Number of protein chains: 2
Amino acid sequence: MSNQFGNKLRELREQQNLLLRQVAPLLDVDTPMLSKIERGERQAKKELVMRLAPILKAKADELLTLWLADQIAALAADEEVGLQAMQVAEAEVKYQKTKKKKK
Amino acid sequence: MSNQFGNKLRELREQQNLLLRQVAPLLDVDTPMLSKIERGERQAKKELVMRLAPILKAKADELLTLWLADQIAALAADEEVGLQAMQVAEAEVKYQKTKKKKK
DNA sequence: TTATATTTGTCATTATTTGGCAAGTCATTA
DNA sequence: TAATGACTTGCCAAATAATGACAAATATAA
């Protein structure tokens, strides 16, 4: 599997010389949980990603992008038609964007 | 929401002059369930998509593509970074394809 | 060894999904 | 107006999956 998000977390955390047990409490999760998130064994919630960004001095959007990308990739990866489906989905999303936001 | 998959089902079914109550039993689901699937209120399982294809005289791949696309679009649609994430995910999936299937 | 960092495994709880039924609407026909 | 046929809605219990926490197991280092 892919886990660009978790890899980025770890990279940023190590760059900052932070330990799992230092970061985890700031997020109200325990250390094993954060470890699992970094390794892609568990999925972070969006809200956790948001809280993580400032701690790792990263842009929330950047992290969110990787976080979402992993989920999309997981869906597409185990299907033969994965790439085609992504094309169709992309067109779909672009189209929705045009017709005003529906809240 | 989008539901290209369900729309296609309905289109094909009507082209064939088949009724929900005729098709549903062939799939071992009840009529309301098939109705919900067509309207995108419920998600079909992959296996059902496969069984549906011959009944509607469609290519399984074509239906699978729409089916997957809807799921991907649903993920990407409610995020600001949806489109970016799809780009990243696409690169991710393409990359995985190169390094042999890991079954 | 001892100490510290991370990972693994398991588990109960909670949340989400699933499939089905009963009843509903809507349109058409008798 | 009734009755019929096609489809939809609402609801629920059962199955399934996700979540968070903990203890214990591995490193890794001193």
Side-chain angles (χ1 to χ4, degrees), chain A residues 1-52 55-56 63-64 66-79, chain B residues 1-52 55-56 63-64 66-79:
Chain A
M1 211 263 190
S2 176
N3 197 31
Q4 296 202 54
F5 171 68
N7 292 342
K8 174 58 85 176
L9 291 197
R10 178 144 300 186
E11 180 192 325
L12 290 171
R13 179 174 62 79
E14 291 180 338
Q15 262 171 34
Q16 235 111 158
N17 286 308
L18 294 171
L19 301 174
L20 285 175
R21 79 173 157 78
Q22 297 178 302
V23 176
L26 303 177
L27 302 166
D28 287 309
V29 298
D30 71 354
T31 306
M33 180 64 67
L34 186 53
S35 166
K36 284 168 184 168
I37 288 170
E38 284 192 349
R39 285 171 299 111
E41 190 183 320
R42 289 296 179 88
Q43 253 246 338
K45 307 195 145 162
K46 182 178 178 181
E47 197 244 339
L48 188 140
V49 180
M50 308 296 282
R51 280 187 289 149
L52 208 35
I55 294 171
L56 299 181
L63 294 187
L64 270 180
L66 293 177
W67 171 80
L68 225 203
D70 281 349
Q71 300 176 52
I72 293 172
L75 263 187
D78 51 25
E79 292 294 342
Chain B
M1 212 261 196
S2 173
N3 197 31
Q4 295 201 53
F5 172 69
N7 293 342
K8 174 58 86 175
L9 291 198
R10 179 145 297 187
E11 180 191 325
L12 290 171
R13 179 173 63 79
E14 291 180 337
Q15 261 170 35
Q16 236 107 158
N17 288 307
L18 294 171
L19 302 175
L20 284 176
R21 78 175 156 75
Q22 297 178 302
V23 176
L26 303 177
L27 301 166
D28 288 308
V29 299
D30 71 354
T31 305
M33 180 63 67
L34 186 52
S35 167
K36 284 168 186 169
I37 288 171
E38 285 192 348
R39 287 173 295 113
E41 189 183 320
R42 289 299 177 87
Q43 253 246 338
K45 307 194 143 164
K46 181 179 179 180
E47 196 243 340
L48 187 141
V49 180
M50 309 297 281
R51 279 187 288 149
L52 208 34
I55 294 171
L56 300 181
L63 294 187
L64 270 180
L66 293 177
W67 171 80
L68 225 202
D70 282 348
Q71 300 176 52
I72 294 172
L75 263 188
D78 52 26
E79 291 293 341

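Keep in mind that this is a model prediction, so the values were computed, not measured. Each chain gets a letter, A, B and so on, in the order the sequences are listed, and its residues count up from 1.
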Sidechain-backbone polar pair: B/Arg13 side chain, B/Leu9 backbone, donor-acceptor under 3.5 Å | no
Which part of the nucleic acid, if any, lies within contact of A/Lys36, taking any heavy atom under 4.0 Å across all strands shown: a base, the sugar-phosphate backbone alone, or nothing?
-> base
Please find the earliest and latest nucleotides of DNA chain C, in the 5' to 3' direction, that have an atom within less than 4.0 Å of any heavy atom of chain B.
-> C/dT18 to C/dA22
Interface with DNA chain D, restricted to residues 15-35 of chain A and to heavy atoms under 4.0 Å | A/Asp30, A/Pro32, A/Met33
Any idea which heavy atoms bring B/Ala44 and B/Leu48 closest together, and the distance?
-> CB-CD2, 4.0 Å
Can you name the nearest heavy-atom pair linking A/Gln43 to A/Trp67, along with the distance?
-> OE1-NE1, 4.3 Å
For B/Asn7, side-chain contact (heavy atoms from CB on, under 4.5 Å) partners two or more places apart | B/Asn3
Would you say the side-chain atoms of B/Arg51 pair up with the backbone N or O of B/Leu27, donor to acceptor, closer than 3.5 Å?
-> yes
Measure across B/Val29 and B/Met33 and return the closest heavy-atom pair with its distance rounded to 0.1 Å.
-> CB-CG, 4.0 Å
Between A/Ile55 and A/Leu18, which heavy-atom pair has the shortest distance, and what is it?
-> O-CD1, 4.3 Å
Apply side-chain contact (heavy atoms from CB on, under 4.5 Å) to B/Lys8 and list each qualifying residue two or more places apart in sequence or on a separate chain.
-> B/Glu11, B/Leu12, B/Glu62, B/Leu63, B/Leu66
Please report the closest heavy-atom contact between B/Ala76 and A/Ile72, naming both atoms and the distance.
-> CB-CD1, 4.2 Å
Contacts of B/Lys45 that satisfy side chain to side chain donor-acceptor pair (under 3.5 Å) - sequence neighbours left out = none
Complementary nucleotide for C/dC11 - Watson-Crick or wobble, under 3.5 Å = D/dG20
With a 4.0 angstrom cut-off to heavy atoms of chain A, pull out the first and last contacting nucleotide of DNA chain D, in 5'-to-3' order.
-> D/dT19 to D/dA23
So which one's nearest nucleotide on DNA chain D is more toward 5', B/Arg42 or B/Arg10?
-> B/Arg10
